[in-house]
Amino acid sequence: MGFDPYARFNPVLDTLNAISRRQQMISGNIANVHTPGYTAKKAEFSDLLFNVKSPFETRLAKQMGSTLSPMSSHDSGAPVNMQQEMLEMQKNMLFYSMATRRAASIFNSLRTASQIGR
């Protein structure tokens, strides 16, 4: 059994994909703020916790069979609140910053490991 470099990246990639989907949802809400009858879409990162490939998933939860789809969105039933959407966008940017720092850390570790013994 060899070393699989993608195994270290998959959780980070899943997280970045979820951040991207959430950003698209927030952007859609903002774009439709004045659309009559439009209700805000909501998605929570807690949905990501139940993804089997999630970096946050525990071994026990995997054994118990948690298989909810990541980042499922739903209608909030309320009109778009611009202040709330801007706050959600800021939180999403923080998640993005943390995920990209983690990716950079993985790249640095692999670079260091590849240079050992040279």
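We use all heavy atoms of the structure for the numbers below, so side chains are in, but hydrogens, waters and symmetry mates are not. FYI, the numbering just counts along the sequence from 1. Predicted model, so just to flag it, every value in this text is computed and none were measured.
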Q. Shortest non-hydrogen contact from P79 to A40?
A.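 In this case the closest contact between P79 and A40 is O-CB, 4.2 Å.
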**Q.** A99 versus L16, closest heavy-atom pair with distance
**A.**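 Looking at all heavy atoms of both residues, the closest pair is CB-CD2, 3.6 Å.
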Q | More than 12 heavy atoms of other groups within 6.0 Å of Y38 OH | A |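 Above 12, so yes.
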Q | Residues K42, E88; criterion salt bridge (charged side-chain N to carboxylate O under 4.0 Å, His left out); working and verdict | A | CA-CA 10 Å; K42 297 292 177 199; E88 293 300 320; 6.0 Å; no
Quick one: does any side-chain atom of [X] pair with a main-chain N or O of [Y] as donor and acceptor, under 3.5 Å?
{"X": "D75", "Y": "G77", "answer": "no"}
{"X": "S105", "Y": "R101", "answer": "no"}
{"X": "N81", "Y": "Q84", "answer": "yes"}
{"X": "S97", "Y": "M93", "answer": "no"}

Q. For the atom pair CZ (R21) and CG (N92), what is the distance rounded to the nearest 0.5 Å?
A.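 R21 CZ to N92 CG: 11.5 Å, rounded to 0.5 Å.
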Q) Got a second to check how far F95's CZ is from R22's CZ, nearest 0.5 Å? A)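 It is 6.5 Å, given to the nearest 0.5 Å.
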Q.
Same cluster or not: M25 versus V33, using hydrophobic residues (I, L, V, M, F, W, Y) connected whenever any side-chain heavy atoms lie under 4.5 Å apart?
A.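 Yes.
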**Q.** I30: partners by side-chain contact (heavy atoms from CB on, under 4.5 Å), with sequence neighbours left out
**A.**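 Checked I30 against side-chain contact (heavy atoms from CB on, under 4.5 Å); matches are I26, M82, E85, M86, M89.
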